[in-house]
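Here's the structure we're looking at; comments come further down.
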Amino acid sequence: MLNLVLFGPPGAGKGTQSKKLIEKYDLIHLSTGDLLRGEIAQGTELGLEAKKLMDDGKLVPDAVVIGMISNKLDANKDAKGFIFDGFPRTVAQAEALDQLLKSKESAISGMTALEVNDDELERRLLERGKESGRPDDANPDVIRKRIKEYNDKTAPVAGFYQTQNKFQNVNGVGSVEEIFGAIVNVIEEYKK
Ligand code: B4P
């Protein structure tokens, strides 16, 4: 199985690149951001709770997102592999993912991190906020809080995969096609 983690700060382009990668490699796309927005759209209890945190730029509790991912893995037993987009976002989530995959006799193939500076992230997210209506993209204070949450809680996840020799950086500034090409080069190495 090819199990990829796409990593990077909010607005780094994880969602954008995931869409292209699932087509090329025939993988199942698991975006915790999309799954949470789906719960919000359906007005579930989980969605209502998540919305408060997301609108404020905070992470949703680990147990919630781990449960969602576990359900999705179970629902896609015959998949060729998965692309994890926006998950894991904490070391506890990374440890849980390792355990979940181990119980299915599988493992993460590699993590690819998109590097983008803070000014560019803020610019992209505010731009998206104009059209998407996403409340967490509309307010510069919330965007900065999300970047801080990333630096405090998510950035350490890179070290988790580095110690397993499963971590690669890619420059996330440039055209979508250029960045896609760089990610594909890294993935081809994982596949060897
Ligand atoms: P997510 O939905 O994961 O989204 P994101 O971090 O905002 O963006 P992404 O990196 O996917 O950017 P995109 O490609 O869309 O998270 C939202 C919230 O959900 C979190 O803040 C948190 O509250 C919660 N959450 C999600 N997962 C969680 C977890 N595991 N644990 C706890 N909480 C969780 O790109 C952004 C914009 O840039 C787009 O408009 C795109 O068109 C543009 N763009 C992309 N590539 C570009 C390029 N090369 N050049 C110029 N623009 C580009």
Side-chain angles (χ1 to χ4, degrees), residues 4-22 29-41 46-73 82-97 100 108 111-157 160 170-183:
L4 307 171
V5 178
L6 209 52
F7 189 69
K14 303 180 293 283
T16 305
Q17 296 296 335
S18 291
K19 285 196 195 97
K20 297 175 72 66
L21 290 167
I22 53 173
H29 183 206
L30 294 184
S31 158
T32 38
D34 287 351
L35 292 172
L36 290 166
R37 282 185 288 276
E39 296 282 342
I40 292 171
L46 190 161
L48 290 174
E49 202 49 47
K51 182 171 170 39
K52 282 188 232 152
L53 294 160
M54 290 167 77
D55 286 357
D56 196 28
K58 293 185 183 141
L59 292 182
V60 172
D62 288 335
V64 172
V65 283
I66 291 165
M68 289 192 319
I69 289 287
S70 177
N71 290 341
K72 287 286 168 187
L73 292 178
F82 295 91
I83 180 150
F84 297 93
D85 162 8
F87 179 91
R89 254 179 163 95
T90 63
V91 172
Q93 291 179 20
E95 286 167 349
L97 181 59
L100 281 174
I108 289 297
M111 165 188 266
T112 308
L114 294 169
E115 284 191 317
V116 179
N117 62 68
D118 289 1
D119 287 348
E120 173 70 6
L121 295 174
E122 198 173 323
R123 191 192 66 74
R124 286 183 189 179
L125 293 175
L126 283 172
E127 194 57 39
R128 180 172 65 184
K130 285 183 202 162
E131 287 150 32
S132 70
R134 269 178 62 170
D136 59 342
D137 284 344
N139 179 334
D141 288 339
V142 172
I143 289 174
R144 278 181 219 124
K145 206 188 263 184
R146 286 162 65 195
I147 294 173
K148 186 175 181 320
E149 282 275 274
Y150 172 82
N151 289 328
D152 291 348
K153 297 178 185 163
T154 306
V157 177
F160 180 87
V170 162
N171 179 6
V173 181
S175 75
V176 169
E177 286 304 328
E178 273 166 5
I179 297 162
F180 180 62
I183 298 172

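FYI, the numbering just counts along the sequence from 1. First listed ligand is number 1; within each ligand, the first listed atom is number 1.
- Listed by number with element, the atoms of ligand 1 under 4.0 Å from a non-hydrogen atom of R37 are 2 (O), 17 (C).
- Between the side chain of Q93 and the backbone N or O of R89 there is at least one donor-acceptor pair closer than 3.5 Å.
- Of all protein heavy atoms, the one lying nearest to atom 27 (N) of ligand 1 is T32 OG1, 2.7 Å.
- Close contacts of ligand 1 with I179, meaning ligand atoms under 4.0 Å from a residue heavy atom, involve 49 (N).
- Heavy atoms only, all atoms of each residue included: L100 and S70 are closest at CD2-OG, 3.7 Å.
- Residue V60 has at least one N or O atom closer than 3.5 Å to an N or O atom of ligand 1.
- Near K58, with a cut-off below 4.0 Å to any heavy atom, the atoms of ligand 1 are 22 (C), 23 (O).
- Between Q93 and ligand 1, at least one pair of N/O atoms sits closer than 3.5 Å.
- Distances from atom 53 (C) of ligand 1 to the heavy atoms of E131, K130, R124 show the closest one on R124.
- With atom 29 (C) of ligand 1 as the reference point, the heavy atom nearest to it among Q17, R89, R146 is part of R89.
- In this structure, atom 45 (C) of ligand 1 lies nearest to the protein heavy atom T16 OG1, 3.3 Å.
- Annotation: side chain of T154 is in contact with side chain of F7 (closest heavy-atom distance under 4.5 Å).
- Taking only nitrogen or oxygen atoms, main chain and side chain alike, R123 does not reach within less than 3.5 Å of ligand 1.
- Residues I143 and L126 are in side-chain contact: their nearest non-hydrogen atoms beyond the backbone lie under 4.5 Å apart.
- Here the closest non-hydrogen pair linking K51 and P135 is NZ-CG, 4.1 Å.
- A salt bridge links D137 with R146: the distance from a Lys NZ or Arg NE/NH1/NH2 to an Asp or Glu carboxylate oxygen falls below 4.0 Å.
- Backbone and side-chain nitrogen or oxygen atoms of F87 are examined, and none is located within less than 3.5 angstrom of a nitrogen or oxygen of ligand 1.
- Proximity to L36 (heavy-atom distance under 4.0 Å) selects the following atoms of ligand 1: 24 (C), 25 (N), 26 (C), 34 (C).
- Residue G86 approaches ligand 1 through these ligand atoms, each under 4.0 Å from one of its heavy atoms: 27 (N), 28 (C), 29 (C), 30 (N).
- Protein heavy atom nearest atom 10 (O) of ligand 1, with residue, atom name and distance: K14 NZ, 2.9 Å.
- Although no hydrogens or angles enter the test, the distance criterion places a donor-acceptor pair under 3.5 Å between the side chain of E178 and the main chain of S175.
- The main-chain N or O of K58 is never found under 3.5 Å from a side-chain atom of D56 such that the two would form a donor-acceptor pair.
- Close N/O approach between S175 and ligand 1 is not found [any backbone or side-chain N/O within under 3.5 Å].
- At the shortest separation from atom 49 (N) of ligand 1 among protein heavy atoms lies G174 O, 3.0 Å.
- Judged by distance alone, the side chain of S18 and the main-chain N or O of K14 form a donor-acceptor pair under 3.5 Å.
- P9 counts as a contact of ligand 1, since one of its heavy atoms falls under 4.0 Å from the ligand.
- Where the criterion is an N or O separation shorter than 3.5 Å, residue side chain and backbone included, R134 meets it with respect to ligand 1.
- In terms of protein heavy-atom proximity, atom 8 (O) of ligand 1 is closest to G11 N, 3.4 Å.
- For the pair S31 and ligand 1, the shortest N or O to N or O distance does not fall below 3.5 Å.
- Residues V65 and L59 have side chains not in contact (no heavy-atom distance under 4.5 Å, counting atoms from C-beta outward).
- Taking 4.0 Å as the cut-off between side-chain N and carboxylate O, R123 and E127 do not count as a salt-bridged pair.
- Summarising the local packing, NZ of K20 is surrounded by more than 12 heavy atoms from other residues, nucleotides or ligands at distances under 6.0 Å.
- Of all heavy-atom pairs between P10 and L125, the closest is O-CD1, 3.6 Å.
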* Asked: Is there a side-chain contact (heavy atoms from CB on, under 4.5 Å) between I69 and T32 once you walk through the steps?
  -> CA-CA 8 Å; I69 289 287; T32 38; 3.9 Å; yes
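- Distances below 4.0 Å separate heavy atoms of A12 from the following atoms of ligand 1: 10 (O).
- Distances between N or O atoms of G15 and those of ligand 1 include at least one value under 3.5 Å.
- For atom 19 (O) of ligand 1, the nearest non-hydrogen atom of the protein is M54 CE, 3.2 Å.
- By the 4.5 Å heavy-atom criterion applied to side chains, F87 and L35 are not counted as neighbours.
- Note: no N/O pair closer than 3.5 Å links V65 and ligand 1 by distance alone.
- Remark: minimum distance from atom 15 (O) of ligand 1 to any protein heavy atom is reached at R128 NH1, 2.4 Å.
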